[in-house]
2 protein chains.
Amino acid sequence: MEPSSPEVAAAPTLPAESGLHARVLDHLGTAICGGELAPGSVLNIDELVDRYAVSRSVVREVLRVLASIGFIEARRRVGVMIRPASAWNVFDPQVIRWRLASAGRMAQLRSITELRTAVEPHAAYLAASRIGRDEASDLVGLAAKMWAAGEAGDEERFLHLDIEFHRLVLLASGNEMFVRLQELVAEVLTGRHKHHLMPHHPHEQALQMHADVAQAIQRRDGERARQAMVRLMEQAFDEMKSLWEQTGAPDREATTR
Amino acid sequence: MEPSSPEVAAAPTLPAESGLHARVLDHLGTAICGGELAPGSVLNIDELVDRYAVSRSVVREVLRVLASIGFIEARRRVGVMIRPASAWNVFDPQVIRWRLASAGRMAQLRSITELRTAVEPHAAYLAASRIGRDEASDLVGLAAKMWAAGEAGDEERFLHLDIEFHRLVLLASGNEMFVRLQELVAEVLTGRHKHHLMPHHPHEQALQMHADVAQAIQRRDGERARQAMVRLMEQAFDEMKSLWEQTGAPDREATTR
DNA sequence: AGATACAAATGATATGATCTTTGAGTGGAA
DNA sequence: TTCCACTCAAAGATCATATCATTTGTATCT
């Protein structure tokens, strides 16, 4: 069973969001994430009904969803108030997508990368004691394929294998919350790729580290798996550091307290 | 400015959920988390309108929210299908609350504790380089107050100080996503307290470790801060381990793939 | 048997009315 | 003047009903 061929065709973005609800939601979410709707400013329902030329049903449903992710707060006699970024559910995949598409893209990439740095080593550690035999074999196989793709200079394939590798580690951690971070990792890796932050021939070290992680997990050596993953993260972090340094380091993000 | 007196009165749970929307949402969310509505089963809007004796608007808005957190999927000509736990946004605070109130409470506590184990050490590391002078002082002060409360055997106060301590570390990490985990940590600590998992006189070690973390952060020694926090997490993890071992270890949770 | 067309079920959207809450103004009393 | 109680209207919350659009099961036709 090839664990790398069919699954890698994941959904990158859902471009043609059909349905009025999705369209309005996406538009408003983007506007809020992009800062076009500043925190504190107020809207009202009828205004939105006019602006988007949809019914109140649609607008209200959208507002409920936005409220549930902390973007807005509706108050009678006042209207719909935009809430500050500190109130957002920054773990909501939709929010992540919007932020990655907005001006705060770099800040978002940075946050997620730091999160990865924290989580993935522990995930590797846990995976070492929880992974199944077949999964472990797949993992080692993936590392091998990554090596091959790296040698061949096939960036596209390398990216997909990389995503799949980290997905499998998080999955094998047996922690539902870690698993859910897989999509964030995929976004970061893809973003890194799009910004040409990966050397055309991946560092030999990185290839070796992936292999180390896989092997340590298969041998059920959690401590070694963690350390290998730490090294991997350190390298990934360094590679990305140049990104947000060149884009004007947003060292203090939404500390709007 | 006392960082521990006014803030500690956070919202534990919002019991009297006013408004039809909140009531129906809470009821359905609880039912899904509790497994009373099994994955795969289908509802339809009119049925819910009858069951809850509310209007379609209310039901539809609730369903949109549930869909946005991955609980359901609405399909024409079919109805509203309950999705498996693997699709849930397990980072949504509302989901956490529902799960902590359901039969999956232990599994949820376990997941969050593992997440803490991964994140907090790195948060401490980052905090060491990003914390402000005043915050650092507050942190050291908190550790001192924890020591006092531990000595005095004032469990209640100790809990609040503990929550505040970890909140401050996460806040000082400068990572918006880490900050958002603060509420989860608070839930875990409170849960641990409610289940009498904390020794009446907190371990001397734990007190010392909190002090170590605070001091290392203040001295901007990230590596030492991380290591101290790792030890803290290890101890916390051990204390909780007995909990989910006695409750029938749910080692494999929703691996409904 | 297989393709095609029809029809029913169900969510999606639209519309208008009514209820409820709450901010702001208004007036009187201390 | 200052402050409290009262009133009113604005805006969301809820309700009720109707129509549209899509999906899918079924019957019909070849």
Side-chain angles (χ1 to χ4, degrees), chain A residues 11 14-29 31-32 37-84 87-88 94, chain B residues 11 14-29 31-32 37-84 87-88 94:
Chain A
L14 4 173
E17 281 284 16
S18 62
L20 297 180
H21 176 85
R23 274 215 333 238
V24 176
L25 178 64
D26 193 66
H27 195 274
L28 273 176
I32 293 174
L37 290 172
S41 56
V42 295
L43 309 170
N44 67 55
I45 293 182
D46 296 326
E47 177 189 327
L48 293 170
V49 167
D50 291 347
R51 184 185 323 172
Y52 291 105
V54 296
S55 70
R56 273 210 305 301
S57 315
V58 171
V59 170
R60 296 201 97 264
E61 286 163 26
V62 166
L63 293 181
R64 288 291 196 191
V65 172
L66 289 174
S68 96
I69 56 183
F71 274 25
I72 64 170
E73 190 183 352
R75 275 155 63 175
R76 288 176 166 169
R77 181 57 206 259
V78 174
V80 177
M81 198 165 36
I82 310 294
R83 298 183 69 188
W88 300 352
Q94 187 133 61
Chain B
L14 4 173
E17 282 284 17
S18 61
L20 297 181
H21 176 84
R23 276 219 328 255
V24 176
L25 178 64
D26 194 65
H27 195 274
L28 273 176
I32 294 174
L37 290 172
S41 56
V42 294
L43 309 170
N44 67 54
I45 292 183
D46 294 324
E47 177 188 328
L48 293 170
V49 167
D50 290 348
R51 181 183 326 171
Y52 291 106
V54 295
S55 71
R56 252 187 198 62
S57 316
V58 172
V59 170
R60 295 201 97 263
E61 286 163 27
V62 165
L63 293 181
R64 286 293 197 192
V65 172
L66 289 175
S68 96
I69 56 184
F71 274 25
I72 64 169
E73 189 182 354
R75 275 156 62 177
R76 284 173 164 155
R77 180 55 205 252
V78 173
V80 176
M81 197 163 38
I82 311 295
R83 299 183 68 188
W88 301 351
Q94 187 132 62

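In what follows, chains carry the letters A, B, and so on, assigned in the order in which the sequence lines appear, proteins first and then strands, with residues in each chain numbered from 1.
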d(NE2, B:His21; P, D:dC15) in whole Å: 13 Å
Heavy-atom closest pair (B:Tyr52 atom, B:His27 atom, distance to 0.1 Å) is OH-ND1, 2.6 Å
Can you tell me how far apart CG (A:Leu37) and CE (A:Met81) are? Round to the nearest 0.5 Å. 13.5 Å
Is the shortest side-chain heavy-atom distance between B:Asp46 and B:Arg56 below 4.5 Å? yes
Roughly how many Å is it from CG in A:Leu48 to C1' in D:dA11, rounded to a whole number? 13 Å
Picking from D:dA13, C:dA14, D:dC15, which would you name as closest to the side chain of A:Ser57? C:dA14
Return the value, rounded to whole Å, for the distance between atom CG of A:Leu20 and atom C1' of D:dT22. 14 Å
Gap between atoms CD and P, on A:Glu61 and C:dA14 respectively (whole Å): 10 Å
Looking at CZ of A:Arg51 and CG of A:Leu28, how far apart are the two atoms once the value is rounded to the nearest 0.5 Å? 6.5 Å
Answer yes or no: is there a side-chain heavy-atom contact under 4.5 Å between A:Arg64 and B:Leu25? no
Nearest-nucleotide 5' precedence on DNA chain C, A:Val54 against B:Ala74: B:Ala74
Please find the pair of heavy atoms, one from A:Leu63 and one from A:Ile72, that lie closest to each other, and give the distance. O-CD1, 3.2 Å
What's the CZ-P distance between B:Arg56 and C:dT15, to the nearest Å? 17 Å
Between protein and nucleic acid, restricted to nucleotides 5-10 of chain C and to nitrogen or oxygen atoms under 3.5 Å apart, what atom pairs and distances do you find?
| residue | atom | partner | partner atom | Å |
| --- | --- | --- | --- | --- |
| C:dA8 | N3 | B:Arg77 | NH1 | 2.7 |

A:Met81 CE to D:dA10 P: how many Å, rounded? 20 Å
Look at the side-chain N and O atoms of A:Ser55 and state whether any lies under 4.0 Å from the OP1 or OP2 oxygen of C:dT13. no
State, to 0.1 Å, how close A:Ser68 and B:Val65 come at their nearest heavy-atom pair, and which atoms those are. CB-CG1, 3.8 Å
Spacing of B:Arg60 atom CZ relative to D:dT17 atom C1', expressed in whole Å: 15 Å
Round to the nearest Å and state the distance from A:Leu63 atom CG to D:dT14 atom P. 13 Å
